[in-house]
Amino acid sequence: MMAPKAIIAPSILSADFANLGHDCSKTMSQGADWLHVDIMDGHFVPNLTWGPPIVAKIRGHVEKPTEAYGKGTFDCHMMIAEPKKWVKEFKKAGCDLYCFHYEAAFSTAAESPEAKSDKKTSPKELIKYIHDQSMLAGIALKPATSVDVLWEILESGDPKERPDMVLIMTVEPGFGGQKFMASELPKVQELRKRYPELNIEVDGGLGPSTIDQAADAGANVIVAGSAVFGAQDPSEVIALLREAVDKRNGKL
């Protein structure tokens with residue numbers, strides 16, 4: 001069984017914010033597959049980035065994918081305390097894959113930013129809700145969270161409750177430019193062993209010096225911020241990241 005193909009998703013947290021549309025369009029032309037769009041709310045993580053209006057603006061600079069997981073996919077990493085509230089807003093803004101944090105998935109079941117609800121959501125319910133809005137669903141884990149919380153979700157009898165991607169954070173979420181945590185790779189290995197065809201994303205500290213470890217562990221969706229946007233030749237770095245994953249795939 002082949003592992004899924006390499007997907008390179010530059011993180012726009014490292015782009016030039018004053019020229020965001022231009023930078024997003026340029027990174028796609030340099031060989032990127034997806035754009036990794038970091039959404040932070042100042043609650044779930046101690047930082048703020050941007051909301052739906054900015055995502056909608058950059059969507060105008062990057063052609064929408066013509067198929068699921070295709071080139072131009074907006075991979076929105078939702079580092080927010082109440083992920084269910086924002087699903088519809090980000091769908092409208094042009095998000096293709098809505099990746100929430102497991103740790104935030106037991107929050108309010110309200111379905112819009114201004115709504116209130118005492119009901120709580122759950123990871124499986126949230127994945128199903130995202131699928132019902134015609135988006136792909138991802139689930140992310142912070143370094144402190146055990147990978148064991150995912151088995152029950154990945155084994156759900158209802159395919160609508162199963163995620164299309166799992167994101168293993170290789171830094172504490174909240175800021176770009178952090179040092180890679182190799183301590184998180186056993187989670188990737190365990191996931192890959194059990195699910196040969198799952199899209200497994202790694203995010204944090206990825207670049208030419210750390211890609212081989214991540215690829216060896218079984219990651220196929222690679223988020224890189226400063227390593228791509230800060231490179232003299234970003235297309236060379238994107239090609240190098242892709243080759244590391246493909247090389248490992250060929251060995252399977």
Side-chain angles (χ1 to χ4, degrees), residues 3-40 47 49-50 55 58-59 61-63 65 69-77 79 96-97 99 138 140 165-185 188 192 199-252:
K5 67 176 180 142
I7 293 169
I8 311 303
S11 161
I12 65 171
L13 202 54
S14 299
D16 174 358
F17 296 164
N19 288 301
L20 202 48
H22 169 266
D23 269 17
C24 291
S25 156
K26 190 171 171 190
T27 195
M28 297 312 296
S29 71
Q30 288 165 332
D33 299 296
W34 295 0
L35 275 187
H36 188 78
V37 183
D38 301 277
I39 310 295
M40 305 183 191
N47 194 9
T49 54
W50 41 65
V55 175
I58 59 174
R59 183 76 271 181
H61 293 258
V62 176
E63 237 173 278
Y69 311 100
K71 190 174 174 79
T73 289
F74 274 20
D75 164 25
C76 292
H77 177 195
M79 291 168 268
D96 302 292
L97 191 161
C99 183
M165 183 184 81
V166 170
L167 165 53
I168 298 298
M169 292 302 297
T170 45
V171 296
E172 278 300 334
F175 295 91
Q178 296 184 69
K179 195 173 174 309
F180 179 72
M181 293 166 68
S183 57
E184 302 315 296
L185 292 178
V188 176
R192 180 57 72 219
N199 280 302
I200 304 172
E201 182 172 54
V202 282
D203 175 11
L206 269 307
S209 61
T210 49
I211 183 60
D212 287 331
Q213 298 171 65
D216 284 344
N220 72 298
V221 185
I222 309 298
V223 177
S226 25
V228 169
F229 284 102
Q232 282 209 289
D233 184 353
S235 50
E236 194 184 341
V237 175
I238 291 170
L240 183 149
L241 298 173
R242 185 186 311 286
E243 191 190 352
V245 175
D246 283 343
K247 214 162 54 189
R248 185 197 168 276
N249 266 350
K251 283 188 214 151
L252 283 185

- Note: Asn199 and Pro4 closest approach over all heavy atoms is OD1-CB, 3.7 Å

- Message: So which atom in Gly205 and which in Val171 form the shortest heavy-atom distance, rounded to 0.1 Å?
- Response: N-CG1, 3.9 Å

- Item | salt bridge (Lys or Arg N to Asp or Glu O under 4.0 Å) against Asp33, all qualifying residues, sequence neighbours excluded | Arg242

- Least distance between heavy atoms, Ile200 atom then Gly218 atom: CD1-O, 4.2 Å

- CD (Glu236) and CD (Gln30) are apart, to the nearest 0.5 Å, by 11.5 Å

- So how far is it from Leu185 CG to Asp216 CG, rounded to the nearest 0.5 Å? 9.0 Å

- Item | Gap separating the NE2 atom of His77 from the CG atom of Asp75, nearest 0.5 angstrom | 8.5 Å

- Message: Would you compute the distance between atom CG of Leu97 and atom NE2 of His36 and round it to the nearest 0.5 angstrom?
- Response: 10.0 Å

- Who are the side chain to side chain donor-acceptor pair (under 3.5 Å) partners of Asp23, not counting sequence neighbours? none

- How long is the gap from CG on Leu35 to NZ on Lys71, to the nearest 0.5 Å? 9.5 Å

Less than 3.5 Å apart, which donor and acceptor atoms pair up between the side chains of residues 5-15 and the rest of the protein, not counting sequence neighbours?
{"from": "Ser11", "atom 1": "OG", "to": "Leu13", "atom 2": "N", "distance (Å)": "3.3"}
{"from": "Ser11", "atom 1": "OG", "to": "Asp38", "atom 2": "OD2", "distance (Å)": "2.6"}
{"from": "Ser14", "atom 1": "OG", "to": "Ser226", "atom 2": "N", "distance (Å)": "3.0"}

Pairs under 3.5 angstrom only: tabulate donor-acceptor contacts from the side chains of residues 172-184 to other protein residues two or more places apart or in another chain.
{"from": "Gln178", "atom 1": "NE2", "to": "Glu172", "atom 2": "O", "distance (Å)": "2.7"}
{"from": "Gln178", "atom 1": "NE2", "to": "Phe175", "atom 2": "O", "distance (Å)": "3.0"}
{"from": "Glu184", "atom 1": "OE1", "to": "Lys187", "atom 2": "NZ", "distance (Å)": "2.8"}

- Item | salt bridge (charged side-chain N to carboxylate O under 4.0 Å, His left out): pairs with one or both residues in residues 200-215, sequence neighbours excluded | none

- Query: Are Asp96 and Trp34 close enough, and set up right, to give a side-chain contact (heavy atoms from CB on, under 4.5 Å), and what steps lead you there?
  - Reply: CA-CA 10 Å; Asp96 302 292; Trp34 295 0; over 6 Å; no

- Mind running side-chain contact (heavy atoms from CB on, under 4.5 Å) on Trp50 and Ile39 for me, showing each step along the way? CA-CA 6 Å; Trp50 41 65; Ile39 310 295; 3.5 Å; yes

- Query: Excluding sequence neighbours, so at least two apart, what forms side-chain contact (heavy atoms from CB on, under 4.5 Å) with His22?
  - Reply: Asn19, Lys26

- Query: Side chains of Leu241 and Leu206: closer than 4.5 Å at any heavy-atom pair?
  - Reply: no

- Give the minimum heavy-atom separation between Gly72 and Arg59, together with the two atoms involved. O-NH2, 2.8 Å

- Looking only at heavy atoms, the pair that brings Gly207 and Ala227 closest together is CA-CB, 3.7 Å

- Message: I want to check something: taking the side chain as every heavy atom from C-beta on, are Val62 and Thr27 in contact at a cut-off of under 4.5 Å?
- Response: no

- Item | Minimum heavy-atom distance between Thr170 and Gly204, given as atom pair plus value | OG1-O, 2.7 Å

- When rounded to the nearest 0.5 angstrom, what distance separates CD in Glu63 from CE in Met28? 9.5 Å

